[in-house]
Amino acid sequence: MSSISDRVRSLIDQSGLSLHDFAAQADLDAEQFLECLSGTSPFSTVDLAVIADEFHVSMDWLLTGAEPPLAVAARTTTGKAAEALAAARDYVARRADLDKLGYTQPWRPVSPAAPAGSTYAAQGEALAKSARRAVELQGRLVVQGGLPELIEAVFGADVAVEPLGDGFDGLAAMGQGAKLILLTTTSNPARQRFTLAHELGHLLADDDQDVHLDRDIFERAQKIDPSEQRANAFASVFLLPEQSLRAAVGAVRLTRESFAALCCDFMVSPATLAYRLLTLRVIDAGACDYYKRMTVREAAVVADRVEELDRQVAASQEKRLPGLLVRDTRAAYDAGKATLRPYASLLGVDVDELRDQLASEQDNGGTE
């Protein structure tokens, strides 16, 4: 059975670096590093965390030799999905490392209230109602924007957004102490928002255990897969709760103009709103077909809210780091449990520049 030293030596061989250059790249003391390799002294948790971060492996693999399922999926998948899985693997590995340092992800699931024998759609609806109650207990509103921040604060799941291009909507990753939602940047904020709610549904339903990949959440196959039916029902009810929606519709006479305004108010696509109104029997199939043909931008134009949409588009095209992961990585550094390197690499900045920046902030009382 291989040891930690054996696995570190395999990394050195793969890197093509000398022992001293490997230690230097990981910012480790060369003499102490050689003692750890020889077994004279053990590797510290901080040393292993630095090696894992610098050479893109999980700390769990260094400690046990086991390769997590997400790592296997990232290694065996191609295309845009492979890029998404690689990004998710990196974030999940970072969370696993933090978990070993005592920074556990604050995952807060909800209890579904669907009776036994319910359809998958009914399960999703019941789960969404429980999730809405959790949001309301914290005095928050789903329709006020900032859905990634809300999900992190209420449920303790990390939300990241990466520029992964077309052909991929999102994924939900579970395992190694991590709960992660990864989305692609897009010019369609309504679709990104629905995808985010959809992936939250997968996490709360505990689907697939390891990773649930959604290349296209609206493809026809989704209507067949039970877990997709549940996640879509969850997203629809979570974003468009019956009581709030009926009240909003009841306050106006439903016209093309008022329908477009409702799309903007709830930040959903016309198709999502039309299907939800059809499910609630507020409109018939003919009206649903009429309204769902409207695009997100057409709705904004009809409602005279194009500037609002443009701000949402700009936000949905931005890369977003997982907020809880960033917070805990910084906390581990501040507590002296990790070096600055993992924090710098997560932020995508040079470690020396970040060290200078933090020193400058400290000199100025943290006001910068």
Side-chain angles (χ1 to χ4, degrees), residues 110-115 118-147 150-151 154-155 188-201 204-205 217-218 222-223 228-296 298-305 308-309 312:
V110 297
S111 300
S118 299
T119 65
Y120 286 100
Q123 292 172 19
E125 182 173 348
L127 193 60
K129 289 178 179 177
S130 295
R132 293 282 307 197
R133 283 193 291 272
V135 171
E136 291 161 3
L137 284 173
Q138 291 204 17
R140 296 172 179 268
L141 294 173
V142 173
V143 294
Q144 285 188 338
L147 193 57
L150 181 146
I151 287 173
V154 175
F155 304 102
N188 189 336
R191 184 177 181 123
Q192 187 185 73
R193 185 175 170 85
F194 190 91
T195 301
L196 177 51
H198 177 100
E199 301 303 340
L200 176 62
L204 291 174
I217 61 171
F218 295 113
Q222 300 281 73
K223 298 178 181 179
E228 300 303 331
Q229 293 175 20
R230 182 168 52 212
N232 279 335
F234 173 90
S236 182
V237 176
F238 186 71
L239 298 176
L240 295 165
E242 180 176 357
Q243 185 175 355
S244 300
L245 186 55
R246 286 191 184 278
V249 173
V252 297
R253 186 173 65 86
L254 198 59
T255 62
R256 180 176 171 82
E257 289 72 23
S258 63
F259 178 89
L262 288 173
C263 290
C264 297
D265 291 341
F266 285 94
M267 289 177 279
V268 296
S269 70
T272 296
L273 178 57
Y275 282 122
R276 180 66 172 140
L277 292 176
L278 177 64
T279 300
L280 294 175
R281 299 184 179 180
V282 174
I283 60 175
D284 59 22
C288 178
D289 287 341
Y290 170 72
Y291 286 127
K292 74 178 185 182
R293 295 192 188 100
M294 191 185 299
T295 66
V296 171
E298 285 172 347
V301 170
V302 170
D304 193 23
R305 293 166 69 168
E308 179 183 319
L309 174 62
Q312 293 170 0

Going by atom type alone, with no hydrogens or angles, which donor-acceptor pairs under 3.5 Å involve a side-chain atom of residues 233-240 and a protein atom two or more places apart or on another chain?
none

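Between Pro270 and Ala299, the closest heavy-atom pair is CG-CB, 4.1 Å. Scanning both residues, Arg193 and Val143, for their nearest heavy atoms gives NH2-CA, 3.8 Å. The two residues Ala190 and Ser269 make their nearest non-hydrogen contact at CB-N, 3.6 Å. Here the closest non-hydrogen pair linking Ser118 and Gln123 is O-NE2, 3.2 Å. Ala285 and Leu278 make their closest contact through N-CD1, 3.6 Å (heavy atoms, listed as atom of the first residue, atom of the second, distance). The two residues Gly201 and Leu127 make their nearest non-hydrogen contact at O-CD2, 4.0 Å.
Residues Phe266 and Val142 are not in side-chain contact: their nearest non-hydrogen atoms beyond the backbone lie 4.5 Å or more apart. Taking the side chain as every heavy atom from C-beta outward, Ser111 and Ser130 never approach each other to under 4.5 Å. At least one side-chain heavy atom of Leu309 sits less than 4.5 Å from a side-chain heavy atom of Pro189.
Under the ring-ring contact (aromatic ring centres under 6.0 Å, His included) criterion, the residue pairs touching residues 239-264 are Phe259-Tyr291, with sequence neighbours excluded. Sorted by first and then second residue, the salt bridge (Lys or Arg N to Asp or Glu O under 4.0 Å) pairs involving residues 242-262 (not counting sequence neighbours) are Glu242-Arg246. Applying the ring-ring contact (aromatic ring centres under 6.0 Å, His included) definition to pairs two or more places apart or across chains, none involves residues 123-142.
Applying the side-chain hydrogen bond (donor to acceptor under 3.5 Å, both in side chains) rule to Arg305 yields the partners Asp265, Glu308; only residues at least two apart in sequence or on another chain are considered. Taking Asp284 as the reference, nothing meets the salt bridge (charged side-chain N to carboxylate O under 4.0 Å, His left out) condition, with sequence neighbours excluded.
The OG1 atom of Thr279 lies 9.0 Å from the CD atom of Glu125; values are rounded to the nearest 0.5 Å. Atom OG1 of Thr272 is separated from atom CG of Leu277 by 11.0 Å, given to the nearest 0.5 angstrom. Put simply, CD on Glu228 and NE2 on His198 are 4.0 Å apart, with the number rounded to the nearest 0.5 Å. A distance of 13.5 Å separates CG of Leu262 from CZ of Arg276, quoted to the nearest 0.5 Å. Rounded to the nearest 0.5 angstrom, Leu200 CG and Leu196 CG are separated by 7.0 Å.
Atom CG of Asp304 has 12 or fewer heavy atoms from other residues, nucleotides or ligands within 6.0 Å. No more than 12 heavy atoms of other residues, nucleotides or ligands lie within 6.0 Å of OH in Tyr120, so this atom counts as exposed by the packing criterion. Surrounding CD of Gln138 are more than 12 heavy atoms belonging to other residues, nucleotides or ligands, all under 6.0 Å away. The 12-atom threshold is not exceeded at NZ of Lys129, counting heavy atoms of other residues, nucleotides or ligands nearer than 6.0 Å.
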